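None of these values were measured; they are calculated from a predicted model. Lettering follows sequence order; numbering is per chain, from 1.
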Protein chains: 2
Amino acid sequence: MNERLPIFNSAVSIDCVLFGFDNGELKVLLIERNGQPFKDWWALPGNLVGENESVDQSASRILHELTGLSNIYVEQYYTFGEVDRHPQGRVISVAYYAMLRLSGDKALKPLTSYVKNVQWINIKEMPKLAFDHQNIFNKALEKIKRRIKHLPIAFELLPEKFTLTQVQNVYELILGKKLDKRNFRKKILSFGVLKELNEKQKGVSFRAATLYKFDKRKYFKLFGKEISF
Amino acid sequence: MNERLPIFNSAVSIDCVLFGFDNGELKVLLIERNGQPFKDWWALPGNLVGENESVDQSASRILHELTGLSNIYVEQYYTFGEVDRHPQGRVISVAYYAMLRLSGDKALKPLTSYVKNVQWINIKEMPKLAFDHQNIFNKALEKIKRRIKHLPIAFELLPEKFTLTQVQNVYELILGKKLDKRNFRKKILSFGVLKELNEKQKGVSFRAATLYKFDKRKYFKLFGKEISF
DNA sequence: CCAAAAGTGTTCCCTCTACACCCATGC
DNA sequence: GCATGGGTGTAGAGGGAACACTTTTGG
């Protein structure tokens, strides 16, 4: 680790598990590969880390290239370094999960020569994935299952104004189980980080729900105290 | 990511935060560097990932070279990938924390040309560290603070047979606060993974404490249910 | 007999859980 | 008026926190 660095041909890549919530469904953005290996397979979006960017920056860049958006919530969660995980050489991959407010409208799909299709896919209908991406995806789900209990990541998936039922929906999809409505509301409101708006849902054919928004200021004040779902 | 891999000169290294518990103190194994850069500074043990080993294997190898021991408990926890973290080139480092039963006797110190000293240092008396190792160390502590609440990692630091006071000691050192003795014992025993032995502490000049051991079989049965300290 | 640590129960409070009905709205 | 989800309270159980004294042992 001193003198000259003895380096062999390795590469570091980033893989991103980008989650979106839309219409009551939890989705992941997958790409369909256009080149070898695993041509025509579905895969997680990813790319090599550039020479002059940190791994965090690299993840943000990849997400930006994919969606056209900046400021996507993104967290590193694990590094996959098996010797044979890439058939063409040694590639160590740092994995990130990311979360996005889907509004039905967004979800741009800028194709490149490497990618012939980009699609939001319901996590309950995942196709087979290239490389070890199934494993990478599974681990992302595990991580967010754990982290959603401490961190307000659910709100990264929701629009700015949301109903409590939507919040509950996100929790249920991530945790993979039904929750009691009354208990859920008591708890989520007891954190004191949701602000009730003088505004109701619109365009629904039933009683309109009250809208809330996530109060980041209050959340950062509470930091230290941990949310514990 | 297809065709040929465009590779630049990067390297992947491993850094290990190896914890040990001895004599009521929580310690970390640090090395004193013998080469540039940061010659004579203290640093975390680490090395480059070899061409034919996974990152996990690499961490185990480094720990083995350092201590002569195999089967050290080790977990990956974060990857540090800032562009400028190594003054001699781009080095992305995958960090692991590890835990070891110190019995006063062990703690071998195989020096190399790169290392002029290896020492167990109380985490309350840490020197300045080379590179971004202070940051890597801090993050390791944060991680184990969180994980000790779910995972039985405390027992990795303890000898096979231990007293409840020793367990409490480890929890207090990692969490950085005093715990109530009666409540602690109730809770730790309520998990049902400690086996009381028909054996007492020896060689102490006061009432000898009952020895316990960690029952891995029971623990793995409980898996699914989570321990929650 | 003194020093040092082992070992042990109870009370209070708060949080978690289980559970079911009426309300508002659009069609 | 009916279908659809919105919104609400309570009782019981269990778990967490606070708290102090007696026991054992070696020296």
I need the CD-C1' distance between Glu196(A) and dT8(D), as an integer number of Å. 13 Å
Look at the side chain of Lys186(A) against the base of dT10(D) and say whether a donor-acceptor pair falls under 3.5 Å; ignore hydrogens and angles. yes
Students often get this wrong, so: under 4.0 angstrom with heavy atoms, is Thr163(A) touching a base, only sugar-phosphate, or nothing? nothing
Between Ile188(A) (CD1) and dG6(D) (P), how many Å, whole number? 15 Å
For the pair made of CZ in Arg207(A) and P in dC27(C), what is the distance, rounded to whole Å? 17 Å
Given dG27(D), dC19(C), dT8(C), the nucleotide with the shortest approach to the side chain of Ser205(B): dG27(D)
Which nucleotide, dG16(D), dG7(D), dA17(D), lies nearest any side-chain atom of Asn183(B)? dA17(D)
When you get a sec, tell me which of dT8(D), dG27(D), dC23(C) is the closest nucleotide to the side chain of Arg182(A)? dT8(D)
In whole Å, I'd like the distance from the CG atom of Asn169(B) to the C1' atom of dA6(C). 14 Å
Salt bridge (Lys or Arg N to Asp or Glu O under 4.0 Å) test vs Asp40(B) passes for just one of Lys128(B), Lys116(B), Arg33(B), namely Lys116(B)
Could you check Lys187(A) against Ala208(A) and say which one's nearest nucleotide on DNA chain C is further toward the 5' end? Lys187(A)
Taking for each residue the nucleotide of DNA chain D with the nearest heavy atom, is it Lys200(A) or Phe206(A) whose nucleotide lies nearer the 5' end? Phe206(A)
Using whole Å, report how far CG of Leu179(A) lies from P of dT17(C). 10 Å
Starting at CZ of Arg185(A) and ending at C1' of dT10(D), how long is that distance when rounded to a whole Å? 18 Å
Name the orientation class of the two ring planes belonging to Tyr97(B) and Tyr77(B) (parallel below 30°, tilted from 30 to 60°, perpendicular beyond 60°). tilted
In whole angstrom, what separates Lys202(B)'s NZ from dG27(D)'s P? 15 Å
Between Tyr114(B) and Asn47(B), is there a side-chain donor-acceptor contact under 3.5 Å, judged purely by atom types and distance? no
Nearest-neighbour nucleotide for the Asp180(A) side chain, dT25(C), dC19(C), dG7(C) considered: dC19(C)
Is the phosphate of dA6(C) approached by Thr165(B) (side-chain N or O, under 4.0 Å from OP1 or OP2)? yes
With hydrogens left out and only the distance checked, is there a donor-acceptor pair under 3.5 Å joining Lys181(A)'s side chain and the base of dG7(D)? yes
For Phe131(B) together with Phe38(B), are the ring centres under 6.0 Å from each other? yes
Under 6.0 Å between ring centres, would you say that holds for Phe162(B) and Tyr212(B)? no
